[in-house]
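Comments concern the structure below.
Because only heavy atoms are used, hydrogens play no part in the values below, and waters and symmetry mates are left out as well, while side chains stay in. Lettering follows sequence order; numbering is per chain, from 1.
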Number of protein chains: 2
Amino acid sequence: MARAGVSVERLVVAAAELADEAGFENVSLSALARGFGVTDASLYSHVRNLRELRTRLALFAGGEMIDRIATAVAGRAGKDALAAFAGAYREYAHSHPGRYAATRIRIDQALVADSPVMRRTAEITYGMLRAYGLDEPDLTDAVRLLRSTFHGYCALEATGGFNAPRDVDASWDKAVDALHTALTHWPREDR
Amino acid sequence: MARAGVSVERLVVAAAELADEAGFENVSLSALARGFGVTDASLYSHVRNLRELRTRLALFAGGEMIDRIATAVAGRAGKDALAAFAGAYREYAHSHPGRYAATRIRIDQALVADSPVMRRTAEITYGMLRAYGLDEPDLTDAVRLLRSTFHGYCALEATGGFNAPRDVDASWDKAVDALHTALTHWPREDR
DNA sequence: GGCTGTAACCTAGAGGCCCTAGGTTTCCAG
DNA sequence: CTGGAAACCTAGGGCCTCTAGGTTACAGCC
């Protein structure tokens, strides 16, 4: 019988698609094996275990996401860049819920350091904030604030956290506006 | 043999403790049954299924959390109230990571409506914002912004999302400060 | 075109989980 | 004291992860 031709790369891509369709928590080696017409045991020659697959998926999705954000932010500055970043972030979370969930798992610090994804993400994010003229440690504080709000909003949205009748897109725009004012009136020590 | 004396209430409390120790995703009926010295099948006379247990845990934890927040906020207004709310929120997420994770699952809308937890949470949150003088829909937008940032920060923190050397408590305080300025300079339509 | 090694695949099986069906025992209320 | 509800049990199916060890396809080399 001909081989299925499984590889780590194809496995990760299949996992990404499955995650978006069935939810990240339902990504199983068994289900992926079925999709490839192969037994689950066979996959262990491509991937050490489920944990490793999840980690690879997280890095894959993280790279995909930051690429889109980078494209959106390119050539913009200040509020324009902030809005573009925010829009691309939420757009990815919406269109790829399973992959987005994957990006949020805890990853072995050693693996993170190896991957260029985190460095790139930091570059883009800090770069976007350049126009606001913040210095460390305010810069890191601001990055944390933005990431928190963006992630929190998408996470709450995804689990049905917003049930007031108010339009969620409008609230999002307002949140981005509010973050912009927070950045322009950043609380300094000398207040 | 004497009975173990399992009840829904004891089950939920045990689940809460297990969640904090082993993580929310590791709360299983099997593990709880072991803890009670009972077979897993026995638990199905107390709880319909794992889903229901999780939902009950979520409502339990949500009630516990909003109680602490309410106590912290009581008698305060404006920035004071905001800081107290934020502090109590993060304190709960830190001291009860498993329970906190439980509060963030998607819950059947019908069950939510039955429970007073959500109403109480809304009351406290909107009440805390009273001093900022916002009207709808800005009020809802502001609530969503706060919840997003609070949750996002705690979630990122919990999964090791902040690895810069900067102290996470200091960043949190800055974030709360920044939210305060965002609320006091809330972006109106007429800008 | 045969040979050979490696990687891709397989079967078998242990162990954990959720959940159902149906039987037994405890214990309280009448 | 007794009937019945509720608490508990065994047995078993289905899905999952992961290991051990055996087989087969295929690429590269003589």
So, A:Arg76 side chain and A:Ala72 main chain: donor-acceptor pair closer than 3.5 Å or not? yes

Under 4.0 Å protein heavy-atom contacts per nucleotide of nucleotides 12-19 of chain D, with B for base, S for backbone only and - for none: ----SBBB

Does C:dA7 have OP1 or OP2 sitting under 4.0 Å from an N or O in the side chain of A:Ser45? no

Any side-chain N or O of A:Ser42 under 4.0 Å from OP1/OP2 of C:dC10? yes

Short side-chain donor-acceptor distance under 3.5 Å, B:Tyr100 and B:His151: yes

Return the value, rounded to whole Å, for the distance between atom CZ of B:Phe36 and atom P of D:dA7. 13 Å

Can a donor-acceptor pair be found, under 3.5 Å and without considering hydrogens, that links the side chain of A:Thr149 to the backbone of A:Leu145? yes

If you measure from the Lys or Arg side-chain nitrogens to the Asp or Glu carboxylate oxygens, is any gap between A:Arg99 and A:Glu64 under 4.0 Å? yes

Check whether the ring centres of B:Phe150 and B:Trp172 lie less than 6.0 Å apart, and answer yes or no. yes

Side-chain N or O of B:His46 less than 4.0 angstrom from OP1 or OP2 on D:dA6? no

Heavy atoms only: give me the nearest B:Ala142-B:Leu134 pair and the separation to one decimal. CB-CD1, 3.7 Å

